[in-house]
Every structure is written in structure tokens, then in C-alpha cells.
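When reading the values below, keep in mind they use all heavy atoms of this one structure, side chains included, and skip hydrogens, waters and symmetry mates.
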Number of protein chains: 2
Amino acid sequence: MDLLQCPLFAGVTKEAASRLLSCFQAEQQDFAPGEVILRYDGTASRIGILTSGSAALSRVRADGSVAISQLLEESDLFGEIFSFSPSLDITEVRAEEACSVVFIDKHHITHPCCSTCAGHLQVIQNLFVLLSRKVVQLDEKVELLSKRTTREKLLCFFAKQAAKENSAVFHMPFAFTTLAEYLSVDRSAMMRELKKMREEGFIRVEGRTVTLLALPEGGDT
Amino acid sequence: MDLLQCPLFAGVTKEAASRLLSCFQAEQQDFAPGEVILRYDGTASRIGILTSGSAALSRVRADGSVAISQLLEESDLFGEIFSFSPSLDITEVRAEEACSVVFIDKHHITHPCCSTCAGHLQVIQNLFVLLSRKVVQLDEKVELLSKRTTREKLLCFFAKQAAKENSAVFHMPFAFTTLAEYLSVDRSAMMRELKKMREEGFIRVEGRTVTLLALPEGGDT
DNA sequence: CTTTTTCTGTTGCAATTGCAACAAAAATGT
DNA sequence: ACATTTTTGTTGCAATTGCAACAGAAAAAG
């Protein structure tokens, strides 16, 4: 995606946007799949905006196991300001697909260098909207993790995914191994539960295509 | 807390703030402990700002069990815009202590009626800061819930609490029953684990005062 | 087109967890 | 001060889960 067409600059003219970018001292950077985009280390000044590709924010435990905290897609925000003071777990953002990222120092956003700049106010409003979206995403994650059993977590995730694609047949956005890290459950235990659910006729799984045959709970509305 | 001294109006003169409040068509309302402040029902227009007291945003499951999603304190934000489209669970904000709340329609914030209003830009920036804080809180919650075992959840929670009070001896901000709902685990199982941890000499518990005797993991730095 | 790596699928076993049910203690209301 | 409600503390038991270890399938790399 073109940075200037990114939701961050919605409602701002191209000219104003490019002026703002230099005013913000924005830095653009590309990342290959698997590369670490940012490792949280106490430096909480930069806000990252994913302008293309996909990435994951995860906590790597001392024993090496990984818990995916957030899945980041186009126009998502990330950065250490949005994180709690670090635990012993390593917190990092890693590219899933090839990514383009724009870094802006938060200072430039919250303290307008020139409030007269056309579009600055608009950008702040856009950031507000993007941040709201992140809150929604995190809230969704909390809902998932609040489910007591693996089955409930799976059903809730599937229901949300089905709602997104507006069909009982939907596509897994990532591998089952990744799903286990996202739901923060043991992979083999998750596979076992998945098998049970298949046998009991709740779902059908063909590769990464899943069909909800009976949707008990956790969906929208 | 006086609404005009709330972080939302930081850096805004009293005069400008009261002008903005009427411009925003802000509505102030008080709630007694236990009262429902807001039940999410698909009406996603109002942003709530808790100006005094404390409240909890929770999901009530079909079987009646409760999962506390967020604990809200002075100057916290809430509202359906920050929530995922509702599941079958009831989502509600309920007062813990006596609360004062100000409701503002989001429209007034994101679409300035009069961008010339002194302080409007400042309020939007303040909202950005408050929202960032909410993201941090939610991220903290996700970190807690991502822990696999009840023991890890407890230790992580205790470590954070100790960090907040900057002491290995700290005070539980709410009842153990509430803690179980917050960690989304069975209360009796949590008590059992707590007992084990006491016996193994990890912690000491006297009423609502907890002492961390050995802090293994999950703390800050 | 191999080779290597990652992902899927499975299982036994031990440990943890949720559930139900209860008694005692503490807090709350009248 | 007494009655009532809520919270704490406990336990047995069944079910779920994590862990470890593995084999085959699929995907990625060379």
C-alpha cells in the first residue's frame, strides 16, 4: 500500500501528507518474512505503522515457547508505548510476510511542531481511529483468552473468522501451529480437541478450509 | 475528581474546558456501587470517561459465570466502540465503588464542531494519550491471560502489583473472588494453587496483604 | 528434483483444572 | 446486636491440559 493512501492520511491531500511526513521525520523500512521488525527493550519512543504485509507481536517465554499477542495487518499500529513494562519474556514484532513499515516518533504526533500544518489535526484524528481499532482487536483477544476451555476458544475464534468472511465456510488466516500460539494453548492438546470436534460433527476441516457445521456460541450477535 | 481537572482536559483552561463540554454535549451521571453503568447492546456511539470511583467491564457467560475483562479506574475510557461486535456473552460495565461518569458522543470528538475551539485539539491529543493507556492495560491483560498455568498467572499479577506499589509487600486491589474472575480461572482451583504457593514459601497472605517472598518471573525488568 | 525444514496428526501419562458441594469467617445491612 | 449475604478456605472427583515423543505429509530451500 502506498503510505500516502494509508488510513493514517485519510482525508489529507497528497501534498499535505508528504509535507507532514518530513515534518514527522518519518522513516520507511522494509522487512523480509521472519525478520524482527522491533524488539521491545525499553525504548518507547517510536510508533510503527505497518503499511503493507503482515506481522505478529509475540512474547517469547524463557523456555522458548511463543505466545502471539497480536496479529498485525495492513495499517495496524505497534510500538513499545502500547506495551506494558517488559517482563522477563522477550517481546518482539516479527514479519510474517514481507512488510513495509513507517516509524514515527510519538513526540511529533502528540506535540505538533506546527499546528498550522494542514492535515496535522486530521492525522491525529486518524490515529485516534486506528488506536480505537487496536483496542477493539485487543478486546477481541481478551475475549478469546477468557474462554476457559480449548474448545470454547476454538469455537469463538472460528465464529469470529466465519463472521469476518460472512460464511460458515472460511479460510484459516495462518497455520494451526500459529493458532495454538495465538490461543495460548498447547498445540497437541489443541489438535486433540480439534479432532474431537470433527468427530462430533461440529466442524469440518480440509487443509486450511474450515466449515462450521453447528455454531453454538461466540459468534457475532 | 473534578471533571475539568481530569486528564482529558489537561492543558486546557477552565473556561475553554467548560465551553468544550457544552460543545461536546457531555452528560454527567453518578452511579452507586453495583449499578450497571453501561450494557453493550450494539449502540456504539458514546464514549464513557470514569471521572471518579472504580468499575469493571465484564462478560457474563450464558451459564452466569463472569469474566472480568477490564478494571476501570479514574480517568479510564470505556464504550462499545472499543469492543468487538458482541458475542452471546453479555458485556457490561458495572460500578464497583460509587462512580461519576461523563458520556461524550464520539462524533463530537472525531468531527470537531468548531476546530477553532480553543483546546479542542488538546482534548483530542489527551484522548490519544488516554487511549494509549488503555491499549497498555489491555496488553497487560493479554500477557496475564497468555500464561498457561494458574500459578504463572498469579505470579505475573502479583509481580505487576508489587511493581505498582514498588514493594514486595502489596495490597490486593480487590477480593480473591474478583481476582479469579479477572484471571479467568476457577476460584477454587485458584485458591488451591494459592495454598500450594503459600506452603512452598513463594508468598505470604494475610487478608488482602500479600508478600512476595521469591519473585521468579513475570515482574518488571 | 532432491534435501531439509516445517507443519500436521497422534498417543500415553502425569499434572492441572473445573465443577460441585460444603463449612467457617468476614463483611454488610437493618 | 443480630440476621443475612458475601467471601474465604477446603476437598473429592472427573475431565481437560500440558508435556514429551514420535511418524508421516506438506512446504520451502537448495
Taking atom types as modelled, is there a side-chain donor on [X] or [Y] under 3.5 Å from an acceptor on the other?
X	Y	answer
A:S75	A:R133	yes
A:E152	A:T149	yes
B:D76	B:Q137	yes

For DNA chain D, which nucleotides open and close the run of contacts to chain A, 5' to 3', at under 4.0 angstrom from a non-hydrogen atom? D:dT16 to D:dA20

A:G48 and A:V101 have their tightest heavy-atom pair at CA-CG1, 4.5 Å

Looking at B:S69 and B:Y182, what are the two nearest heavy atoms and their distance? O-CE1, 4.4 Å

Starting from C1' on C:dT8, measure out to CG on A:D186 and report it in whole angstrom. 14 Å

Round to the nearest Å and state the distance from B:M191 atom CE to C:dC22 atom C1'. 14 Å

Most 5' of B:R151 and A:A189 on DNA chain C, judged by nearest nucleotide: A:A189

Do A:E73 side-chain atoms and A:S54 backbone N/O form a donor-acceptor pair below 3.5 Å? no

Under 4.0 Å, heavy atoms only, any strand: does [X] hit a base, just the sugar-phosphate, or nothing?
X	answer
B:R148	sugar-phosphate
B:K196	sugar-phosphate
B:S188	base

Would you tabulate the nitrogen or oxygen pairs shorter than 3.5 Å linking the protein to nucleotides 5-7 of chain C?
none

List the atom pairs, donor and acceptor, that lie under 3.5 Å between side-chain atoms in residues 162-179 of chain B and the rest of the protein, sequence neighbours left out.
| from | atom 1 | to | atom 2 | distance (Å) |
| --- | --- | --- | --- | --- |
| B:E165 | OE1 | B:H171 | N | 3.4 |
| B:E165 | OE2 | B:H171 | N | 3.3 |
| B:S167 | OG | B:V169 | N | 2.9 |
| B:S167 | OG | B:V169 | O | 2.8 |

A:F157 six-ring centre to A:K147 NZ/CZ under 6.0 Å and within 45° of normal: no

